[in-house]
Amino acid sequence: MNMSFPKLRCRLEYVCLSCGARYGIEELHYTCPKCGGVFLLENLDFDALKKTPAQEWRALFDSRAASKRTALRGIFRFYELIAPVLEEQDILYLGEGNTPIVDAPASLAALVGRQFAFKNEGQNPSASFKDRGMACAFSYLQALVRRNKWDEVLTVCASTGDTSAAAALYAAYAGGPVKSVVLLPHGKVTPQQLSQPLGSGATVLELPGVFDDCMKVVEHLAETYRVALLNSKNAWRILGQESYAYEVAQWHDWDMRHICLFVPVGNAGNITAIMNGFLKMHALGIIASLPRLFGVQSTHADPVFRYYEESDPAKRRFEPVAVTPSVAQAAMIGNPVSFPRVRYLAEKFKEIGGEEAFQVVHVEEQDIMDAMLLANRHGHISCTQGGECLAGLRLAVAQGRIAKDERAVLDATAHSLKFSGFQDMYFSDSFPPAYEITPRKEYMNKPELVVSPAEKQTLNEQEFTIHVANVIAKRLNLQSKK
Ligand SMILES: *Cc1c(COP(=O)(O)O)cnc(C)c1O
Ligand SMILES: [Zn+2]
């Protein structure tokens, strides 16, 4: 089907969540020039979208699933909900979005006690959900480059690994004046994550410290120099990441009853985007009710959990925490940049969905690793942060927070291969003590060399084949066909 590109154009504005100041989108803004607060992008013409019946929106988004127009194949299948200011020529599409929702096999669901599925964000082009946000941020950047005829744009980001992989990939594809610089905490991203921006040709800079240290530096750079900041302070990324919510709703035929989502929380951009996405669909009647949303953090990096742990909203106070090593390394953040967005949107979420509609749980490192391995031993491809979500579901079930008829959708935010080093440490029982992880024997696995190289020397080719086959038959206790 060759659908036309949407004609609708709206007016978008940055709105500061702290002081309410508003700014036009002709310029890239990250934080409020008046008060330093974070922004959300607001569609001033949102009410005009309400004139279209919800049924029509659903039919339109469903029909675009079959479109061969690349600009509408990824996150911009939901163009009108995301950034109805972009022109088709500016949209970058690298195959992001539309990731599969894979049900847990019956045996695993029985073990966990609830029906659930993973949404495999690792099947995005740079193997994490960050591509959704980058597709939007880079499309907007391309529009700026075209309009302003810029001959060089340096994009910068701090990263726990996946932001830099995604930024470097989209920058490499955009090419021309767009160049990528990424700032990483030395030794605190996995080798796979480090190889990604290197392979995409980005300038990779490292500093001693953790993510929060890198973040402060790029913020200073963005305030002082002409660079485009691609961390989730950049509100265009939030818009793109809303597509996760749209896809979850679409997959469930826009019926959110009995659905609860589990999302890992690091810098809190993702959970912000997911809440905003569901709130928009609800405001337009595209969904009749909100799903329930559970944020999940490790006990080693849980500032958002600690905030909501206080049940009296009047007494809640946000305090950054000093993180300790976590296998959910991509979410190992003590001072989440998007926390004000979470607070603002969680309030709205609870107003519509009730007190139980938004919750935050925290889980032990041991449970994160065990849950990831349990999932992957049942055919999933979950990363440690996906394991964090499953650990969160198991905890919530144990605490009686999940009804029997509820179905959970867990965000496996990246591909398991990016985090295979943690699996290696588990299998070889070599976690440094700070992780507080003791491997379970039944989950450990290692390759076995069946014949030594010395033994191989003594045999000719045919003898070797037969000898090895015999050794294996014995090892596996194989029964002869005769
Ligand atoms: C970035 C990231 C997170 C954390 O998401 P936030 O938006 O920072 O809360 C979780 N998992 C993976 C794999 C990530 O790359
Ligand atoms: Zn402000």
Side-chain angles (χ1 to χ4, degrees), residues 13-23 29-40 99 118-124 126-134 157-167 184 189-190 192-193 196 211-212 215 230-235 237-238 240-242 244 262-276 293 295-298 301-305 323 326-342 344 360 368 372 381-389 392 410-419 422:
E13 253 179 19
Y14 296 97
V15 185
C16 170
L17 293 187
S18 300
C19 76
R22 291 173 170 270
Y23 301 87
H29 283 292
Y30 316 110
T31 47
C32 178
K34 286 207 180 100
C35 79
V38 287
F39 287 123
L40 282 176
T99 54
F118 277 104
K119 187 161 170 63
N120 286 343
E121 291 292 279
Q123 286 172 246
N124 279 299
S126 81
S128 88
F129 74 84
K130 298 293 199 302
D131 295 326
R132 296 178 182 275
M134 290 303 169
C157 65
S159 178
T160 53
D162 294 328
T163 299
S164 51
L184 305 174
V189 307
T190 73
Q192 296 80 359
Q193 289 171 321
Q196 291 187 287
F211 169 82
D212 295 293
M215 193 63 218
L230 283 170
N231 281 97
S232 50
K233 271 205 172 155
N234 181 332
R237 276 191 48 202
I238 303 292
Q241 288 172 203
E242 287 172 8
Y244 182 93
F262 284 75
V263 178
V265 179
N267 228 1
N270 203 25
I271 196 158
T272 292
I274 292 171
M275 277 197 277
N276 214 27
L293 185 57
V296 190
Q297 297 203 295
S298 159
D302 60 356
V304 181
F305 167 81
V323 297
S326 171
V327 294
Q329 189 167 269
M332 202 179 98
I333 294 173
N335 191 13
V337 154
S338 285
F339 180 72
R341 291 167 168 158
V342 174
Y344 170 77
V360 184
I368 295 174
M372 180 191 82
I381 51 170
S382 171
C383 63
T384 43
Q385 293 70 219
E388 188 174 28
C389 289
L410 314 183
D411 192 343
T413 44
H415 201 285
S416 59
L417 289 175
K418 286 207 193 206
F419 295 87
F422 292 115

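Start at 1 and go down the list; that is how both ligands and their atoms are numbered. Atoms considered below: every heavy atom in the structure, side chains included; atoms not considered: hydrogens, waters and symmetry mates.
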Could you give the N/O to N/O pairs under 3.5 Å linking ligand 1 and the protein, each with its distance?
from, atom 1, to, atom 2, distance (Å)
ligand 1, 7 (O), G269, N, 3.1
ligand 1, 7 (O), N270, N, 2.8
ligand 1, 8 (O), N267, N, 2.8
ligand 1, 9 (O), G266, N, 2.8
ligand 1, 9 (O), N267, N, 3.3
ligand 1, 9 (O), A268, N, 2.8
ligand 1, 11 (N), T413, OG1, 2.7
ligand 1, 15 (O), K130, NZ, 2.6
ligand 1, 15 (O), D162, OD2, 2.6

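The side chain to side chain donor-acceptor pair (under 3.5 Å) test applied to T160 returns no partner, not counting sequence neighbours. Partners of Q297 according to the side chain to side chain donor-acceptor pair (under 3.5 Å) rule, which considers only residues two or more places apart in sequence or in another chain, do not exist here.
Atom OG1 of residue T99 and atom CG of residue N124 lie 5.5 Å apart, to the nearest 0.5 angstrom. Put simply, CD on Q385 and CG on D162 are 7.5 Å apart, with the number rounded to the nearest 0.5 Å.
N267 has its side chain out of reach of S338: every pair of non-hydrogen atoms, C-beta onward, lies at least 4.5 Å apart. Looking at E121 and R132, their side chains come closer than 4.5 Å, going by heavy atoms from C-beta outward. With a 4.5 Å cut-off on side-chain heavy atoms, M134 and T163 count as touching. Looking at L40 and T272, their side chains come closer than 4.5 Å, going by heavy atoms from C-beta outward.
Of all the heavy atoms in F422 and V327, the pair that sits closest is CE1-O, 3.5 Å.
Shown here are the protein N/O/S atoms lying under 2.8 Å from the Zn ion (ligand 2), water excluded: C16 SG, C19 SG, C32 SG, C35 SG.
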